[in-house]
Chemist: 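Structure in structure tokens, see below.
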Number of protein chains: 2
Amino acid sequence: MVMYYSVSYMENDVLKGFKPLRQKIIPSDIRHALIDARKKRGWSQRDLASRLGIGQRHISGIESGKIVPRYDTLLEIVRTLGHDFILVPRDLVPLVQSLVRDHQKDQPGEGDERPLYAAEYDDDRPQEPHDEV
Amino acid sequence: MVMYYSVSYMENDVLKGFKPLRQKIIPSDIRHALIDARKKRGWSQRDLASRLGIGQRHISGIESGKIVPRYDTLLEIVRTLGHDFILVPRDLVPLVQSLVRDHQKDQPGEGDERPLYAAEYDDDRPQEPHDEV
DNA sequence: CAATTTGATACCTTATAGTGAATCATATAC
DNA sequence: GTATATGATTCACTATAAGGTATCAAATTG
């Protein structure tokens, strides 16, 4: 959440000639959510890869953050794992995020996913750009 | 909506050895939503491109569907245009989609965006894969 | 109507995803 | 303890995004 507001400030800086900080990585909460979803299905990376018709090496690279796939590739992974990406106006984000959290709280098998969704997001973000850049 | 269910059937076919149909394009509803969001701000592709620190040619390619950007690149575009991507479990998609629609209905300046979000999605999808593939 | 803007397109180079196959170190299963 | 599975990694190649610059045809502006 805080992250979104900081991006807003960056937008204002852009108007003054500053370049935004390029992301260059999939947010770790998304990566973790996808790993969890895969494991909950009892699939290995090889299982998922063959379902998608792509190489296991890519699943590994994507999950670890070493590869940032094209949007279409990621979307297909996301959908294969029973999720979807929804384009949401920024001011709706908190509501939708909480909906998603509440929904997972209601799913016995997916309840464990909730803390990863929020906490890991804030924890991993400041660290991993350093590793990648 | 219907599109999501057809993908579900494809998933079942994968278990029987069929490859899923690779997307290779950003859904047109997303592209249109982004174009609308940009125009609502009175930005040209050049304006948006300079805010993002990338070339106008890329904005053009992405908006037209000729280029499928990496997820991080698209996410940055999305956020610069006041939106965000939320990872949503599939069975929550209808609710979230309707939330997004209702929210746009409530925004006077964004009310026009609603029909494009739903109608164009269904209309463009069957046509554009043929153009691209 | 001339000047400017706009989005599409072309050219070129670099970086990285995508593809296929294989191997490795470690973990897991039995 | 052995066999198997798993995720990470390597090698090599192709495809395409990313990046920069410029131009063009059409639209828009004033």
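So that the names make sense, note that chain A is the first sequence line, chain B the second, and so on, each numbered from 1.
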Chemist: Calculate the interatomic distance between A:R70 atom CZ and D:dA18 atom C1'; express it in whole Å.
Modeler: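 About 13 Å, once rounded to whole Å.
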Chemist: Starting from P on D:dA8, measure out to CD1 on A:I62 and report it in whole angstrom.
Modeler: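 So the CD1-P distance, A:I62 to D:dA8, works out to 12 Å.
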Chemist: So does A:L81 get a backbone contact from the side chain of A:H83, meaning a donor-acceptor N/O pair under 3.5 Å?
Modeler: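 Such a contact is found between A:H83 side chain and A:L81 backbone.
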Chemist: Pick the nucleotide of DNA chain C nearest each of A:L74 and B:Q45; which residue has the one closer to the 5' end?
Modeler: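 First, find each residue's nearest nucleotide; the 5'-ward one identifies B:Q45.
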Chemist: side-chain contact (heavy atoms from CB on, under 4.5 Å) with B:P69: which of B:I54, B:L75, B:I26?
Modeler: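 Exactly one option meets the side-chain contact (heavy atoms from CB on, under 4.5 Å) with B:P69, and it is B:I26.
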Chemist: With a 3.5 Å distance limit and no angle check, can you tell me whether B:R70 reaches the backbone of A:R70 through a side-chain donor-acceptor pair?
Modeler: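 No; judged by distance alone, with no hydrogens or angles, the pair does not exist.
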Chemist: For B:I59 and D:dA18, give me the distance from atom CD1 to atom C1', rounded to whole Å.
Modeler: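 Between C1' of D:dA18 and CD1 of B:I59: 12 Å.
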Chemist: In terms of relative ring orientation, are B:F85 and A:F85 parallel, tilted or perpendicular, with 30° and 60° separating the classes?
Modeler: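 The arrangement is tilted - the two ring planes meet at 30° to 60°.
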Chemist: Do B:D72 and A:I25 make a side-chain contact, defined as non-hydrogen atoms from C-beta onward lying under 4.5 Å apart?
Modeler: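 Not touching, per the 4.5 Å side-chain cut-off.
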Chemist: Does B:T73 place a side-chain N or O at less than 4.0 Å from the phosphate oxygens OP1/OP2 of D:dA18?
Modeler: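 Result: yes.
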Chemist: Between A:S60 and D:dA8, is there a side-chain N or O to OP1/OP2 distance below 4.0 Å?
Modeler: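 Answer yes for this pair, as a side-chain N or O of A:S60 is under 4.0 Å from OP1 or OP2.
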Chemist: Counting any heavy atom closer than 4.0 Å, what does B:S44 reach on the DNA or RNA strands: base, sugar-phosphate only, or nothing?
Modeler: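 Sugar-phosphate, no base atom in range.
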Chemist: Given A:R79 and A:D84, is the salt bridge (charged side-chain N to carboxylate O under 4.0 Å, His left out) satisfied, shown in steps?
Modeler: CA-CA 5 Å; A:R79 284 175 174 168; A:D84 213 324; 3.3 Å; yes
Chemist: Just how far, in rounded Å, is C1' of C:dA15 from NE2 of B:H58?
Modeler: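 Roughly 11 Å, once rounded to whole Å.
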Chemist: Return a single string for nucleotides 22-30 of chain D, one symbol per nucleotide in 5' to 3' order, where B is base contact, S is sugar-phosphate-only contact and - is none, cutoff 4.0 angstrom on heavy atoms.
Modeler: -B-------
